[in-house]
Amino acid sequence: MSTRMPRFAALASALLLAAGAALFGAGQATAAADFGYVALGDSYSSGVGAGNYDSASGNCKRTTRAYPALWAAAHAPQTFSFAACSGARTGDVMSGQLAPLNAGTDLVSITIGGNDAGFSDVMTTCVLQSEATCVSRVNQAKAYVDSTLPGQLDTVYNAIHSRSPGARVVVLGYPRFYKLNGTCVAGLSEGERAAINGASDYLNAAIAKRAANHGFAFASVAGAFTGHEICSGSEWLHSLNWLNIGESYHPTAAGQSGGYLPVFTGAA
């Protein structure tokens with residue numbers, strides 16, 4: 001009896017420990033699964049340029065190749081709301097993307113501001129007109145970033161915080177488009193390419209400042225895309241495509257998975 005009891009006690013103790021570990025593990029798994037992620041923003045978040053668009057998303061052109069969908073596939077949040085939409089401006093986020101946010105939202109990602117600043121018109125002007133006109137249009141966009149965009153970003157960021165006060169919010173920036181003195185032998189001048197890159201840096205700096213003032217994380221993708229710009233020979237961005245204008249100057253599928261995804265994962 002004296003020999004068997006310790007063995008029984010040891011076995012019982014081991015079983016209790018195993019049961020406790022199993023219960024604890026189950027609790028941890030449940031907690032991890034009870035996680036809500038909402039992806040907001042424009043075409044850089046919806047995945048324009050990556051292809052394989054969800055027909056149900058219509059002109060928003062959302063795709064499973066975009067970084068929000070890739071992150072959700074890898075981390076399996078309990079809820080994932082993909083609201084980002086091609087062409088979105090700050091006003092579109094306010095009017096059409098905030099519904100999925102609630103007090104239970106844990107993580108929010110967003111790219112926004114490029115369309116407000118006139119990104120598409122800047123690129124059109126630079127492609128079709130002179131270098132002087134291009135630089136003038138870039139400077140006009142930068143003036144907008146100084147005067148008007150901060151207030152628009154504040155409105156969006158305030159709304160996100162109001163609806164989801166406990167969420168971690170990751171604001172992602174935009175890549176530089178061109179490798180200067182790279183492989184391109186035609187197209188824009190080096191002066192135009194430098195002006196466009198400078199405008200991207202200028203826009204990112206403004207977005208980063210507003211994000212920081214709201215306690216949000218700003219995640220720069222400029223470093224991730226270095227060596228993969230247009231004219232690099234290893235592009236993660238579409239150059240001008242006359243057959244599919246909408247995909248021009250947007251990340252490819254490799255740009256989403258190799259550029260945006262790891263940056264977002266590191267910040268999330």
Side-chain angles (χ1 to χ4, degrees), residues 30-48 54 56-62 66-72 74-119 141 144-174 202-221 260-261 263-268:
T30 300
D34 186 16
F35 190 93
Y37 168 38
V38 178
L40 308 173
D42 55 24
S43 53
Y44 282 74
S45 289
S46 72
V48 169
D54 176 7
S57 71
N59 290 333
C60 285
K61 292 191 174 179
R62 289 185 283 269
Y67 77 85
L70 294 172
W71 189 93
H75 294 83
Q78 187 178 51
T79 60
F80 170 48
S81 297
F82 197 3
C85 187
S86 175
R89 301 186 181 201
T90 51
D92 299 310
V93 174
M94 292 298 297
S95 64
Q97 296 189 22
L98 300 180
L101 296 174
N102 56 57
T105 301
D106 299 283
L107 177 64
V108 178
S109 65
I110 185 169
T111 56
I112 202 69
N115 291 319
D116 295 83
F119 158 73
Y144 184 95
V145 168
D146 284 336
S147 65
T148 308
L149 186 63
Q152 294 172 318
L153 294 174
D154 283 341
T155 298
V156 171
Y157 297 164
N158 283 333
I160 293 171
H161 179 72
S162 176
R163 288 172 174 262
S164 302
R168 177 164 180 76
V169 181
V170 180
V171 179
L172 296 100
Y174 300 93
Y202 202 81
L203 173 61
N204 284 328
I207 294 172
K209 186 175 188 302
R210 300 322 305 160
N213 286 353
H214 289 265
F216 297 166
F218 177 76
S220 172
V221 298
Y260 271 92
L261 178 61
V263 169
F264 175 56
T265 300

Checklist entry - What pair of heavy atoms forms the shortest contact from Val263 to Ala219, and how long is it? => result CG1-CB, 3.6 Å
Next on the checklist: Nearest 0.5 angstrom please: Asp92 CG to Asp42 CG, how far?
Outcome noted: 10.0 Å
Checklist entry - Can you tell if the side chain of Tyr157 reaches within under 4.5 Å of the side chain of Val171, non-hydrogen atoms only? => result yes
Checklist entry - Any idea which heavy atoms bring Ser147 and Pro150 closest together, and the distance? => result C-CD, 4.4 Å
Next on the checklist: Does Tyr202 form a side-chain contact (heavy atoms from CB on, under 4.5 Å) with Val145? I'd like the steps, not just the answer.
Outcome noted: CA-CA 8 Å; Tyr202 202 81; Val145 168; 4.0 Å; yes
Checklist entry - Considering only heavy atoms from C-beta outward, does the side chain of Tyr67 approach that of Thr265 to under 4.5 Å? => result no
Next on the checklist: Please check: side-chain N/O of Ser164 versus main-chain N/O of Asn102, any donor-acceptor pairing under 3.5 Å?
Outcome noted: yes
Checklist entry - When you look at Trp71 and Ser109, which way does the side-chain contact (heavy atoms from CB on, under 4.5 Å) test go after all the steps? => result CA-CA 11 Å; Trp71 189 93; Ser109 65; over 6 Å; no
Checklist entry - Side chains of Leu203 and Tyr174: closer than 4.5 Å at any heavy-atom pair? => result yes
Checklist entry - Are Leu107 and Phe264 close enough that some pair of their side-chain heavy atoms sits under 4.5 Å apart? => result yes
Next on the checklist: For a 4.5 angstrom cut-off between non-hydrogen side-chain atoms, does Leu98 reach Leu40?
Outcome noted: yes
Item to check | Closest non-hydrogen atom pair, Ala69 against Phe82 | outcome: CB-CE2, 4.2 Å
Item to check | OG on Ser43 to NZ on Lys61, rounded to 0.5 Å | outcome: 10.0 Å
Checklist entry - Can you find a pair of side-chain heavy atoms, one from His214 and one from Asp154, that are under 4.5 Å apart? => result yes
Next on the checklist: For Phe216 and Val108: C-alpha separation, side-chain torsions, deciding distance, then whether side-chain contact (heavy atoms from CB on, under 4.5 Å) applies.
Outcome noted: CA-CA 10 Å; Phe216 297 166; Val108 178; over 6 Å; no
Item to check | Under 3.5 Å donor-acceptor, Asp116 side chain and Thr90 backbone | outcome: yes
Item to check | Nearest-0.5 Å distance that lies between atom SG in Cys85 and atom CG in Asn59 | outcome: 7.5 Å
Next on the checklist: As an exercise, state the distance from CG of Asn204 to CG of Leu172, rounded to the nearest 0.5 Å.
Outcome noted: 10.0 Å
Item to check | Ser45 and Tyr260, any side-chain heavy atoms less than 4.5 Å apart | outcome: no
Checklist outcome for this item: When every non-hydrogen atom of Ile110 is compared with those of Val156, the smallest separation belongs to CD1-CG1, 3.9 Å
Checklist entry - Taking the side chain from Ser162 and the backbone from Asn158, do they hold a donor-acceptor pair closer than 3.5 Å? => result no
Checklist entry - Just wondering, do Ser46 and Ser86 contact through their side chains at under 4.5 Å, heavy atoms? => result yes
Next on the checklist: Using the side-chain contact (heavy atoms from CB on, under 4.5 Å) criterion, which residues pair with Thr148? Sequence neighbours excluded.
Outcome noted: Tyr144, Gln152
Checklist entry - Is the backbone of Ala88 close enough, under 3.5 Å, to the side chain of Asn115 for a donor and an acceptor to pair up by distance? => result yes
Next on the checklist: Could you check, using the six-membered ring where one of them is a Trp, whether Phe35 and Tyr37 have ring centers closer than 6.0 angstrom?
Outcome noted: no
Item to check | Arg168 side-chain N/O to Ala267 backbone N/O, donor-acceptor pair under 3.5 Å | outcome: yes
Next on the checklist: To the closest 0.5 Å, what do you measure between CG (Asp106) and CG (Asp34)?
Outcome noted: 7.0 Å
